[in-house]
Amino acid sequence: MEMVPSEENQLVPKEIENAAEEPRVLCIIQDTTNAKTVTERLTLNLPASTPLTQLFQGVALKAGYVNGSFHLTWANMAEPAPLDHSSQMSLTESGFEAGKKNFLQLTDKDGEQPQIASDESGTADSGGLDDSSQDRFIGPLPRDSTVGCSSDYSSPSYSYSSILNKSETGYVGLVNQAMTCYLNSLLQTLFMTPEFRNALYNWEFEESEEDPVTSIPYQLQRLFVLLQTSRKRAIETTDVTRSFGWDSSEAWQQHDVQELCRVMFDALEQKWKQTEQADLINQLYQGKLKDYVRCLECGYESWRIDTYLDIPLVIRPFGSAQAFGSVEEALQAFIQPETLDGPNQYFCERCKKKCDARKGLRFLHFPYLLTLQLKRFDFDYTTMHRIKLNDRMTFPEELDMSPFIDVEDEKSPQTESCTDSGAENEGSCHSDQMSNDFSTDDGVDEGICLDNASSAERALKPKSSLTFELFSVMVHSGSAAGGHYYACIKSFSDGQWYSFNDQHVSKITQDDIRKTYGGSSGSRGYYSSAFASSTNAYMLIYRLKDPSRNARYLEVEDFPDHIARLVQKEKESEEQEKRQREIERNTCKIKLFCLHPVKMMMVESKLEVHKDKTLREAVEIARKLMDLEGTVPLDCCRLVKYDEFHEYLERSYEGEEDTPLGLLLGGVKSSYMFDLLLETRRPDQVFQPYKPGEVMVKVHVVGLKSETIAPPVSVRAYLNQTVTEFKQLIAQATGLCAETMRVVLERCYNDLRLLYVPNKTLKAEGFFRSNKVFVESSDSTDHQVTFTDSLLWKLLDRHGNTIRLFVSLPEQAPGPLANRTLCPKAGGSEPGEPFEGPKGSRKSVEAILEESTEKLKSLSLQQEQEQQGSSTSDSQKSSDASDFEHIESPSQEADSAPSASGSADNRELENRIRPASGGGGGAGSEPDNPFPSEERSDSEVNNDRSTSSVDSDILSSSHSSDTLCNADSTPLPLANGLDSHSITSSRRSRAHEGKKETWDTAEEDSGTDSEYDENGRSKAESQYLYFRAEPCSLEDGTGEGQKCLQVHVDKRITLAAFKQNLEPFVGVSSSQFKVFRVYANNQEFESVRLNETLSSFSDDNKITIRLGRALKKGEYRVKVYQLLVNDPEPCKFLVDAVFAKGMTVRQSKEELQPLLRDQCKLDLSIDRFRLRKKTWKNPGTVFLDYHVYEEDINISSNWEVFLEVLDEPEKMKSMSQLAVLTRRWSPAHMKLEPFREVVLESSSVEELKEKLSELSGIALENLEFAKGRGTFPCDISVLEIHQDLDWNPKVSTLNVWPLYICDDGAVVFYRDKTEEPMELSEEERNELMKKESSRLLKTGQRVSYSPRKEKALKIYLDGGPAKDLGQD
């Protein structure tokens, strides 16, 4: 085959070169097998005739994979099938489109990640120029989408799919539970230590002796086995932390990795007692050093031997501006002795006097695994905060420790063992002191307390063998307040360095290791740390280079038998998990609804069915899920496609019972644009087929004479049908006459449209997938009037605007019953006739309540008392108006017939409603009364109950006479799953339920705009709107005496009219009770805007009625607080009061006097207290007596004011004056004096200083002042006030920057600048700091020097902490 150069200067077959003129196929491939490549795209532009097999070769070449180890699938298919990698079909024959973008996905093959091409591994160490260098990263993962990085550091979340397949490095990562990066770093380091890993494998767990869940060595063993054998990208550490006794909260606590290392080693030593591994930690990690003091006069030396597990190296010596530049420098400083002289002289036992001495440390023995801790965390005594030192400190790859070993004999003739070695803790490296250096709480036991048992003495190695090689660098990125840990570890198998960054493992180079030195390229000065990188090495682990001891990792074939069994067990568990994931990947999960035939309500669940299960099997699973097995036979159930949002039955699946569900649903998807409905029927009913393209119509039959609206009947129609055809369809379903039928479409909430054009299609009329219509067919003359003036429109309008409210009444009504009278009905009964007399037949409570709702244009209580017994015919309406305005469902309970007895609650309510005048006979119904109280049959009662005006959510859920038209126009019994209102419950009420509730507008109102006059009665006649109330019981467990009403009311009614309608039930005038709206969190807010409607209310909202005077027009409810400027709590609530528009401040004070005297025991004269503005906790403008509310002072609903008791007559006489609260600061006594008010005539700084000088006696030239900060009382620590405030600002007036003192109530501190601050000892300062901290915490002020309490790191050997009931 002849080869020619292509555009990319590569040789390609000549026939392909010639094919350049033919159409080309652009293939864009997304590699989904790797979390780091999922955002990248591979692009190939191939001739249309290219075989499919050649496409696979090109993709393999570009992606660097072995051909045949991956699948290619279409990216835009719901259930993609892999393309055949061996097919010789051309791209166009395989479904590719020329000239367009063809999107493909590269996926795993048989659950295995694609194999990396062999040539990539061969260039892995080629100086960082190979492809694999793209995958290298070190340090905290960047936030951008660079190759090889994710958002791990910025967010703890991760993709589960990214941990399913092993990293290309061959190593497995660890999942970060939340803030467990420090644990992951240590675990990976221990795993990559051959000696530790092999010893752990050799330990065998005895399940009979210990619970595996709480066994730390066993869980570590399991983890190491998974790290070595798992095929996942990352594994969880929750089993390990559970064995530590940690709960989920520990995952959110970040600790020091060195502290964890010490505590974990202590725990392992405890667990390994009496085993071969009992001395493992000491053999691997423990070294020895000598802590000595040598007398410089006689040479006598006192010393002791200490053991250590790690060596803490200082980054920057205390008080020095220069940091050590390398680990070698820091080690030299560690053993550098210090001279004890002067006051620090050492008492020599031999000289019997204090002598100069030399104190220091000498290394006697280095461990096999040498751990160096770089002490990057320090404490800044200037700021009193922890800081991190980011200075540069280099460390070698091979460290020679021979210069630091002590060659002297451990016991010389001139020395003796001594437990008292002077200041023995200075530089001591006892293992118990290797804890976090910043733990200042001696009472907190960190880790496990162990007695130091001295291990067997080991012979010292000669100097020539003290060469250590670096293999682990634990890196910290961040600050002293928190950050991120990860580990750079060298594998002893191939010498390659890897970055173990939680679940990500990648190759790195020596250059990456050098980046962890820290610091910057500049000189090492005192401030160099502040500008250096925060990512630097924190712990270094070296291994002694000794071929006789250096071990290799145990290979799988060399595992002990118990480890081999554990590997097999974990492999089976992983395979089971993989199978479960495969099942999950092939499971359809979709919302399932069912109108439960027993519960009579719509039930929602989630149907999970394998995609290969048939529809018949899915129905059986759905039936079991909905708990219908013993209720509905299987053949009486079916699944249909359902749109829950529109309540639309899209289609049924006749004849497809054996079709796989995955095929019917369009494949396995994360979410579906539709739902499923499990329909049920009775055995004598049949299912109606639902065809795609049909629209669903809920038909409500309206009875004009009975003023009822029936439950819906479901009818399915086509959008291209005409109105005439649609009427015929409804006639077949309902039995109504099509010729006289009126059809009204409710297009949206309260939007009614009469369908009067016969040839107009349903689509043109605005029908959609699911529709709601009202039909009426009668011979009345109502159809001759304009629709909006018709009785039908009024009935539907009332139906659409009526809501149901639950009203809680006061437990006890005020005053004697004899003083209460109720308004008579405006029509329907004889004038002056009482509701009920003590003689004759007695009506039920429900009848009385119903009659009370017929009141129109009610008269005032006084008018009603005066006119009782006289004619009120002038208030009656015409019969036409009465016919509609009193429209009400004649719904009554079955016991609504006259009864001589009733429940105690009913009798009590009945007695409350009965008027005081006791004459007259029974209250029989008049012929023209639109609400006859005759007794009805149960069927009538049920029917009437189902036609309530509160939309259709109180309708009956099924109807025996409902029919549905089928294809042959014969009525069929309808399955109860189709016609019930529970499927089609009012969308309006659902929308209200989902709507976010807002506060009543009255809370933001500037007034009440009352419709009442001063007596609280209606000013003008208004149109009557529907109102009906009946008693009900609360289900929330409130008190037994609580009375509740279920009120059906037109929400267009005003609050004023609503209150008037409630008067008979409350028992007092509407001006004597208040209406509170109850929100979801049981918070109550008063509704006071009387001219507002109830439009913001929705179905089933709750209202509480409380007795008390309601606000009139121009009145405001005000909360009064007392201002106590020198009290620890300066703001104290006193009383609630009512202020009115036009009232003067003095008048409001007069109103307050009796309230203060009665409720607060404050007997104040009118001139001995003032009112002032309250803004949060800050006192503001002083209100003068002649100020008028709403003219001089803006006032609003739920207003708050301060009341301040005066010690002397009021000094504030004019608005031009300024009242300032001043407080003297005395540095010599470290004391703040009490507040004193200063009244200024202007905003002059000079006047303020003169007043302060006069008040305090400080000379004017020595007086300095500063404005307080924050909210009143502007508290500040006496340790900070002298230097933290802006003293003596260079301004001439108070109303400019930086003071901005423009209103009363500002706080000003002042001092004598010649007064020197008190000299405090350290002990006195600490004591004062504690007192100030306590004082400021009580007042809610910030305490800047309060240290953060950290939780100690502990590992619990008994499986968990002891529960301390007294501890929070």
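A donor atom on one side chain and an acceptor atom on the other are not found under 3.5 Å apart for Asn176 and Gln503. With hydrogens and angles left out, the side-chain atoms of Gln510 and Glu397 include a donor and acceptor closer than 3.5 Å. Remark: the Asn536 side chain and the Lys515 side chain contain no N/O donor-acceptor pair separated by less than 3.5 Å. Donor-acceptor pairing under 3.5 Å is lacking for the side chains of Gln219 and Arg242.
Surrounding CD of Gln1283 are more than 12 heavy atoms belonging to other residues, nucleotides or ligands, all under 6.0 Å away.
Across all their heavy atoms, Ile315 and Lys375 have their closest contact at CG1-O, 3.4 Å.
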side-chain contact (heavy atoms from CB on, under 4.5 Å) between Leu1320 and Leu1279: does it pass, once the steps are laid out?
-> CA-CA 10 Å; Leu1320 296 173; Leu1279 296 171; 4.2 Å; yes
side-chain contact (heavy atoms from CB on, under 4.5 Å) evaluation trace for Glu236 with Leu174 = CA-CA 6 Å; Glu236 299 277 356; Leu174 294 174; over 6 Å; no
Check step by step if side-chain contact (heavy atoms from CB on, under 4.5 Å) holds for Lys1330 and Arg1335.
-> CA-CA 9 Å; Lys1330 290 180 182 178; Arg1335 179 178 70 86; over 6 Å; no
Evaluate the criterion salt bridge (charged side-chain N to carboxylate O under 4.0 Å, His left out) for residue pair Asp378 and Arg316; output intermediate values, then yes/no.
-> CA-CA 9 Å; Asp378 205 346; Arg316 187 192 301 166; over 6 Å; no
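In this structure, the separation between CD1 on Ile541 and CD on Glu469 is 13.0 Å, given to the nearest 0.5 Å. In this structure, CG in Leu369 is found 5.0 Å from OH in Tyr285, a value given to the nearest 0.5 Å.
For Glu328, the salt bridge (Lys or Arg N to Asp or Glu O under 4.0 Å) test picks out no residue, with sequence neighbours left out. For Asp511, the salt bridge (Lys or Arg N to Asp or Glu O under 4.0 Å) test picks out Arg514, with sequence neighbours left out. Here Ser479 pairs with Ala481 under the side-chain contact (heavy atoms from CB on, under 4.5 Å) rule; sequence neighbours left out. Partners of Glu1322 under the salt bridge (Lys or Arg N to Asp or Glu O under 4.0 Å) rule, at least two apart in sequence or in another chain, do not exist in this structure. Annotation: side-chain contact (heavy atoms from CB on, under 4.5 Å) contacts of Ala199 (sequence neighbours excluded): Leu280. Remark: Glu574 pairs with Ser230 by the side-chain hydrogen bond (donor to acceptor under 3.5 Å, both in side chains) rule, at least two apart or across chains.
Taking the six-membered ring for Trp and thresholds of 30 and 60 degrees, Phe244 and Trp246 have ring planes more than 60 degrees apart, a perpendicular arrangement.
Here Glu259 does not pair with Lys1354 in a salt bridge; the nearest charged N to carboxylate O distance is not below 4.0 Å.
The only option from Phe324, Phe395, Tyr538 that meets the ring pair (Phe, Tyr, Trp, His ring centres under 6.0 Å) definition with Tyr517 turns out to be Phe395. Applying the side chain to side chain donor-acceptor pair (under 3.5 Å) test between Ser472 and each of Thr189, Thr371, Thr193 identifies Thr189 as the sole match.
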